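The structure appears below as structure tokens.
Every chain is numbered from 1, with letters handed out A, B, ... down the list of sequences. Model, not experiment: these values are computed from the prediction.
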Amino acid sequence: MLRTHNCGELREQDTGSSVTLAGWVASIRDHGRFVFINLRDRYGITQVRADEGTDAWQQARQLRMESVIQVHGTVLSRGKDSNPDMATGAIEVQARAIRVFSQTKTPPFVIKDTTDASEALRLKYRYLDLRRPVMRKKIEARVRFTSYIRRYFEDLDFLEIETPILLKSTPEGARDFLVPSRLRPGQFYALPQSPQTYKQILMVAGFDRYFQIARCFRDEDLRADRQPEFTQLDAEMSFVEPRDIMGIIERLFKGMWRDLLGVDLAGDFPVLTYDEAMHRFGKDAPDMRYGMELQDITDTVKPSAFGLFRNTIEAGNRVIAMNVAKGAGFSRKQVDTLVEFARSRGLGGLLWMKVGADGVTGPGTKHIEDPVKQAIIRSMQAEQGDLILAAAAPEMTALRAMGALREEVASRMGLDKAGEWRFVWITEFPMFEYNEEEDRPQAVHHPFTSVMPEDLHMLHSDPYKVRARAYDIVLNGVELGGGSIRNHDPDVQMQVFEVLGMNREQALQKFGFLVDALSFGAPPHGGVALGLDRIVMMALGAGSIRDVIAFPKTTAGLDLMSGSPSNVADRQLRELHLQVTKG
RNA sequence: GGGGUGGUAGUUAAGAUUGGUUAUAACGCCGGCCUGUCAAGCCGGAGGGCGCGGGUUCAAGUCCCGUCCACCCCGCCA
């Protein structure tokens, strides 16, 4: 070994020891007669001292930040000059000799926790960014989550089985990343959006309990919490019902939060149906850290002659309202930005009423009759100083917009407190939603999801009313993942394909291998897929998913460090039978 | 595909509304001083022509057009 100790382990009781350390020069403080060096490695920082007249002193004066060096020396107690802010602050290493392993160019930014370097620069020099202890800790924390997950599932007899990265492109869902086949001109593999079909086939094969920390790929636009390649905790079990899977996942989260974050999540996670979540929170992934629930006040305003209400009711639309406690303090300007926000979410406008000592004020309120005003205040349980916001629109539009507004207002008022963890299960999702582009139903979850038995009879007559045996796990307004009980009956599966607009032939061509497998004795089975990056991001309070991925892509899907994607040689294209056209 | 914010020394920012001498600061870098620092301190120095391309003008970081990049949001993400 080129060292006897690491840079984080020497303590007072090591005083007098002869040691050899190795690491990066994190700072140099040259006092003339002696030089202090902070030596950094993965484990911490140790102060090295070089005294005038020694070889080490000569070398220390010529060091540069971020060079990689080896230090031979003796551990000294720092006595009253100890630094209580450093783990190794009680000691320092008096250097006898310093050897430079590796010289360095001047780094483009200073390697310290509170860097002000732009994210683009940090991504280009990711290896320098990752040297920053704050980044290193995030990556290390991620490792603790993955290893906890592995231990948890292995203890429960789950088998971690790898599934293919090159697979068949499927038409449903996100856009596939395609990989051209050299041996089959004009044909393509796709990278997995998830190991979905393979894990179901593993159930048919009898593996009974499967899990995988699986890389997934989706060629869609990026966001602060979305990368084109990401990691899923993927699991599947045979002979289960929703509550079995939900229980296993709930205990996993409670265990991780307890053992990795030191947080006790008391009680069972609440369970909301999709319908309830939409009506109370305007979102299928509600943030439960605060109330401010939505209310349908259509009936309350029914007696009013106010044109907005009249037209809304005649059109069959709804009036959805929300009471912002102590929201009357918002300035006109602030309220205007809320109105703007509402418009950006598809509303024609936003009705707002400040609740004062003598009723309500706000534009439009003069058209509302006093008894109706009073009725609104009563049904919203509003008090003096509150702000009532209301939207009039088709029900789902109004709910979704008000749901977004609810989170916006909560964020402005600081109600979305960090360190508060509100998990919630969402169940009974609709099986299908309308795809406008293709004018047909599409699966909300995925086509292999089974439907609730009592809704099966509506599969063809009223597909949008059919509920799925699906469940999502949500934390603080963020969907962490979800799953479902699958169809193990090939006939039911075929019926779902039919509702999705595929005839038997098309379905067999696209998913025949799975349908085939189901027809050879498939056990009832179901599973779940959780976004590992998102879980870690939430747990660490990181601002973006990029912070918990060692080598992430930018929002344009570029890797600024390696320069991918890039052009390839003509020869490569020819081998793949590809021709690039000008876009 | 659409909207928003930003791009000025190695880095982070000011300068842009009201075009005009030599583009400003901090950190970093280089040199010097200094017996206890902790992102050491003090003194001195070097370093950019304003993302890129084009245009308007006597004159453009400053105005106009296009384009690239970063971030945030909508669409999209079974």
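A syn base is found at B:G61: its glycosidic angle is within 90° of 0. In this entry the base of B:G54 is anti relative to its sugar, with a glycosidic angle more than 90° from 0.
Taking atom CG of residue A:L121 and atom C1' of nucleotide B:A13, one finds them 15 Å apart after rounding to whole Å. Counting to the nearest Å, the P atom of B:A13 and the CD atom of A:E119 are 13 Å from each other. Atom CG of A:D176 is separated from atom P of B:C76 by 18 Å (rounded to the nearest Å). Between the CE atom of A:M65 and the P atom of B:C27 there is a distance of 13 Å, given to the nearest Å. If you measure from atom CD of A:Q62 to atom P of B:C30, you get 11 Å, rounded to the nearest angstrom. Between the OH atom of A:Y434 and the P atom of B:G75 there is a distance of 18 Å, given to the nearest Å. Here the C1' atom of nucleotide B:C77 and the CZ atom of A:R534 are 9 Å apart, to the nearest Å. A:L558 has its CG atom 20 Å from the P atom of B:G51, to the nearest Å.
OP1 or OP2 of B:C71 lies within a sub-4.0 Å distance of a side-chain N or O belonging to A:T555. Regarding contacts with the backbone of B:A70, a side-chain N or O of A:T554 is found under 4.0 angstrom from either OP1 or OP2. The shortest distance between the side-chain N/O atoms of A:R546 and the OP1/OP2 oxygens of B:C72 is below 4.0 Å. In this model, the phosphate group of B:U12 is approached by a side-chain N or O of A:S118 to a distance below 4.0 Å at OP1 or OP2.
Each of A:K553, A:R126, A:R546 was compared with A:E119 under the salt bridge (charged side-chain N to carboxylate O under 4.0 Å, His left out) criterion, and only A:R546 meets it.
The gap from the P atom of B:A25 to that of B:C63 amounts to 24 Å, rounded to the nearest Å. For the P atoms, the distance from B:C50 to B:A60 is 11 Å, rounded to whole Å. Separation of the P atoms belonging to B:G3 and B:A46 is 47 Å when rounded to the nearest angstrom. Only the C1' atoms considered, B:G31 is 37 Å distant from B:A70, to the nearest whole Å. To the nearest whole angstrom, the two P atoms, one in B:U11 and one in B:C74, are 32 Å apart. For B:C29 and B:G47, the C1' atoms lie 9 Å apart once the distance is rounded to whole Å. Taking the C1' atoms as reference points, B:A13 lies 12 Å from B:G6, given to the whole Å. Going from the P atom of B:G2 to that of B:U12 covers 28 Å, rounded to whole Å.
Applying the Watson-Crick and G-U wobble criteria (two distances, each under 3.5 Å), B:U22 pairs with nothing in any strand. Both distances falling under 3.5 Å, in either a Watson-Crick or a G-U wobble arrangement, place B:C63 opposite B:G55. Base-pair partner of B:A70: B:U5 (Watson-Crick or G-U wobble, both distances under 3.5 Å). Pairing of B:U17, defined by two Watson-Crick or G-U wobble distances under 3.5 Å, is not identified with any nucleotide.
Within the 4.0 angstrom heavy-atom criterion, no nucleotide atom of any strand lies near A:T170. Using a 4.0 Å heavy-atom criterion, one finds that A:R400 contacts no nucleic acid atom at all. At a threshold of 4.0 angstrom between heavy atoms, the contacts of A:P108 are confined to the sugar-phosphate backbone, with no base atom among them.
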Quiz item: Reading nucleotides 35-49 of chain B from the 5' end, what letters show protein touch, with B for base, S for backbone sugar-phosphate only, - for no heavy atom under 4.0 Å?
Solution: BBBBBB---------
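Between A:R64 and A:A117, the one whose closest nucleotide on RNA chain B sits nearer the 5' end is A:A117. Of the two residues near RNA chain B, A:A556 and A:R226, the one whose nearest nucleotide lies more 5' is A:A556.
Considering only heavy atoms from C-beta on, A:M402 comes within 4.5 Å of A:L389 through its side chain.
Residues forming a side chain to side chain contact (heavy atoms under 4.5 Å, CB included) with A:D30 (at least two apart in sequence, or on another chain): A:V35, A:R61.
Rounded to the nearest 0.5 angstrom, A:D275 CG and A:I426 CD1 are separated by 11.5 Å. Taking CZ from A:F217 and OG from A:S194, the interatomic distance works out to 12.0 Å, rounded to the nearest 0.5 Å.
Residues from residues 212-224 of chain A lying near RNA chain B, meaning a heavy-atom separation below 4.0 Å, are A:R218, A:E220, A:D221, A:R223, A:A224 in numerical order.
Between A:H31 and A:F34, the angle of the ring planes stays under 30°, which puts this pair in the parallel group of the 30/60° scheme. Note on ring orientation: taking the six-membered ring where Trp is involved, the planes of A:F513 and A:Y198 are tilted (angle from 30° to 60°).
Within the cation-pi definition used here (under 6.0 Å to the ring centroid, within 45° of the axis), A:R345 qualifies as a partner of A:F341.
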Quiz item: Between A:R469 and A:E428, is a salt bridge (Lys or Arg N to Asp or Glu O under 4.0 Å) present by the stated rule, with each step listed?
Solution: CA-CA 6 Å; A:R469 296 177 81 194; A:E428 297 182 28; over 6 Å; no
Practice problem: In sequence, state the C-alpha distance, the side-chain angles, and the governing distance for A:D287 and A:R289, and then conclude on salt bridge (Lys or Arg N to Asp or Glu O under 4.0 Å). | Solution: CA-CA 6 Å; A:D287 192 333; A:R289 284 175 295 179; 2.6 Å; yes
Quiz prompt | Verdict with reasoning, A:D234 to A:K199, per salt bridge (Lys or Arg N to Asp or Glu O under 4.0 Å) | solution = CA-CA 9 Å; A:D234 194 49; A:K199 68 175 172 179; 2.7 Å; yes
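The pair A:E220-A:R218 does not count as a salt bridge, with every side-chain nitrogen at least 4.0 angstrom from each carboxylate oxygen.
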